[in-house]
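The next block holds one structure in the form of structure tokens; read it before the comments.
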Amino acid sequence: MNSILLIEDFEDIRHWLAGLLRQAFGEVNVTEAATVAQGYSALDSKSFDLIVVDLNLPDGTGVDILRRAKMQGLAGYCVVATAYDDDAHLLPALNAGADGYLLKDQTDEQLIRDLHGILNGAPPLSPPVARRIMQLAKQTPATSLLLVPLTAREEEVLTYIAKGLSRTEIAQLLSVSAHTIIAHVRSIYSKLDISSRAEATVEAIRRGLIST
């Protein structure tokens, strides 16, 4: 983890989050922005390993940032940091490609643990958000007629993604190259029309690949 983009309009909260990011990842380079426009400018000027974005910004929403990052092919994580855990905020963020969703009212220690999990491929989700995602998955029971078919190897890869393993770890477990896993992940995401690890976790639960 070398370069992070942090987008938060309140200066004191932005500085607090920047401090948490450095506690989680060490002396990383944190680029700070306060608006969607500033976020776009940063995305256009360099690449980032991680984007942390608030949802309510003066000139738009963090969902706009998520879509822009995914459109540009960001290889790193996109994480929302917000005060809202309702479906009206959570679902658009996940649909736009958020890999994690953190609530600002969690303790510093909890937020640092959640952020640090990125290094091990674990989706950074505050506990209330993780519980809500599990509930949403249970509310959409799967049947064979509703499931997009995956190959046996793709289901295996999807299971490991949902369990929080990184692509490198999956490649080692399956004794294949990292490039092969990347190809599988792209195929899975394309077939399922998803764009984040959080959505992959929901799909794995629907398919009965992991338990809640």
Side-chain angles (χ1 to χ4, degrees), residues 1 5 43 47-53 55 61-80 87 89-102 114-115 117-125 129-130 132-212:
M1 188 68 64
L5 174 59
L43 286 172
S47 61
F48 296 93
D49 301 310
L50 170 65
I51 295 174
V52 177
V53 60
L55 288 179
T61 170
V63 171
D64 298 325
I65 298 291
L66 295 172
R67 290 178 178 147
R68 180 70 162 259
K70 295 299 179 179
M71 181 181 67
Q72 294 182 191
L74 177 76
Y77 273 80
C78 292
V79 176
V80 169
D87 290 358
H89 289 84
L90 173 62
L91 295 180
L94 294 180
N95 290 334
D99 299 296
Y101 198 103
L102 300 177
D114 291 337
L115 286 166
I118 293 173
L119 298 177
N120 298 318
L125 297 169
V129 175
R132 181 55 185 150
I133 289 175
M134 299 303 102
Q135 291 169 356
L136 290 171
K138 291 177 180 178
Q139 289 168 8
T140 55
T143 70
S144 58
L145 296 177
L146 297 177
L147 292 177
V148 175
L150 298 176
T151 67
R153 178 48 59 93
E154 286 172 345
E155 286 195 342
E156 194 172 12
V157 171
L158 177 61
T159 301
Y160 286 133
I161 292 172
K163 289 182 176 180
L165 275 68
S166 69
R167 295 176 185 181
T168 300
E169 290 170 330
I170 298 172
Q172 292 173 346
L173 280 172
L174 300 181
S175 299
V176 298
S177 71
H179 293 295
T180 298
I181 297 303
I182 290 172
H184 283 312
V185 171
R186 286 175 177 168
S187 176
I188 292 166
Y189 279 28
S190 176
K191 286 181 178 181
L192 302 180
D193 192 24
I194 60 176
S195 57
S196 71
R197 187 181 291 267
E199 289 177 298
T201 301
V202 170
E203 187 65 25
I205 294 169
R206 291 183 65 238
R207 291 169 179 265
L209 299 176
I210 62 174
S211 59
T212 59

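This one's a predicted model, so the numbers in the text were calculated from it and none came from an experiment.
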- Walk me through it: do L150 and V157 pass the test side-chain contact (heavy atoms from CB on, under 4.5 Å)? CA-CA 10 Å; L150 298 176; V157 171; over 6 Å; no
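- Side-chain atoms of D114 and L125, non-hydrogen and from C-beta on, never get closer than 4.5 Å to each other.
- Residues D49 and I118 fail the side-chain proximity criterion, which asks for heavy atoms closer than 4.5 Å.
- A distance of 5.0 Å separates CE of M1 from CG of L50, quoted to the nearest 0.5 Å.
- Taking each heavy atom of I161 and A200 in turn, the nearest pair found is CG2-CB, 3.9 Å.
- Residues forming a side-chain hydrogen bond (donor to acceptor under 3.5 Å, both in side chains) with R67 (at least two apart in sequence, or on another chain): none.
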- With side-chain contact (heavy atoms from CB on, under 4.5 Å) as the test, would you mind laying out the steps for I51 and L43 before giving the verdict? CA-CA 10 Å; I51 295 174; L43 286 172; 3.4 Å; yes
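- With contacts defined as side-chain heavy-atom distances shorter than 4.5 Å, the pair H89/V80 does not qualify.
- A search for side-chain hydrogen bond (donor to acceptor under 3.5 Å, both in side chains) contacts involving Q172 returns nothing, not counting sequence neighbours.
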Only distances under 3.5 Å count here; give the side-chain donor-acceptor pairs of residues 186-193 to other protein atoms, sequence neighbours excluded, each with its distance to 0.1 Å.
residue	atom	partner	partner atom	Å
S187	OG	E154	OE2	2.7
K191	NZ	E154	OE1	2.8
K191	NZ	E154	OE2	3.3

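- Side-chain contact between R207 and T159 is absent, with no heavy atoms from C-beta onward closer than 4.5 Å.
- A 4.5 Å side-chain heavy-atom check between Y160 and L174 finds at least one atom pair inside the cut-off.
- With rounding to the nearest 0.5 angstrom, the NE2 atom of H184 is 6.5 Å from the OG1 atom of T151.
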Which atom pairs, donor and acceptor, lie under 3.5 Å between side-chain atoms of residues 92-101 and protein residues at least two apart or in another chain?
residue	atom	partner	partner atom	Å
N95	ND2	L91	O	3.2
D99	OD2	K70	NZ	3.3
D99	OD2	C78	N	2.9
Y101	OH	Y84	O	2.6

If you look only at distance, which donor and acceptor atoms sit under 3.5 Å apart when one is on a side chain in residues 162-171 and the other is two or more places apart or in another chain?
residue	atom	partner	partner atom	Å
S166	OG	E169	N	3.2
S166	OG	E169	OE1	3.4
E169	OE1	S166	N	2.8

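- Take S177 and apply the side chain to side chain contact (heavy atoms under 4.5 Å, CB included) test, not counting sequence neighbours, and it matches H179, T180.
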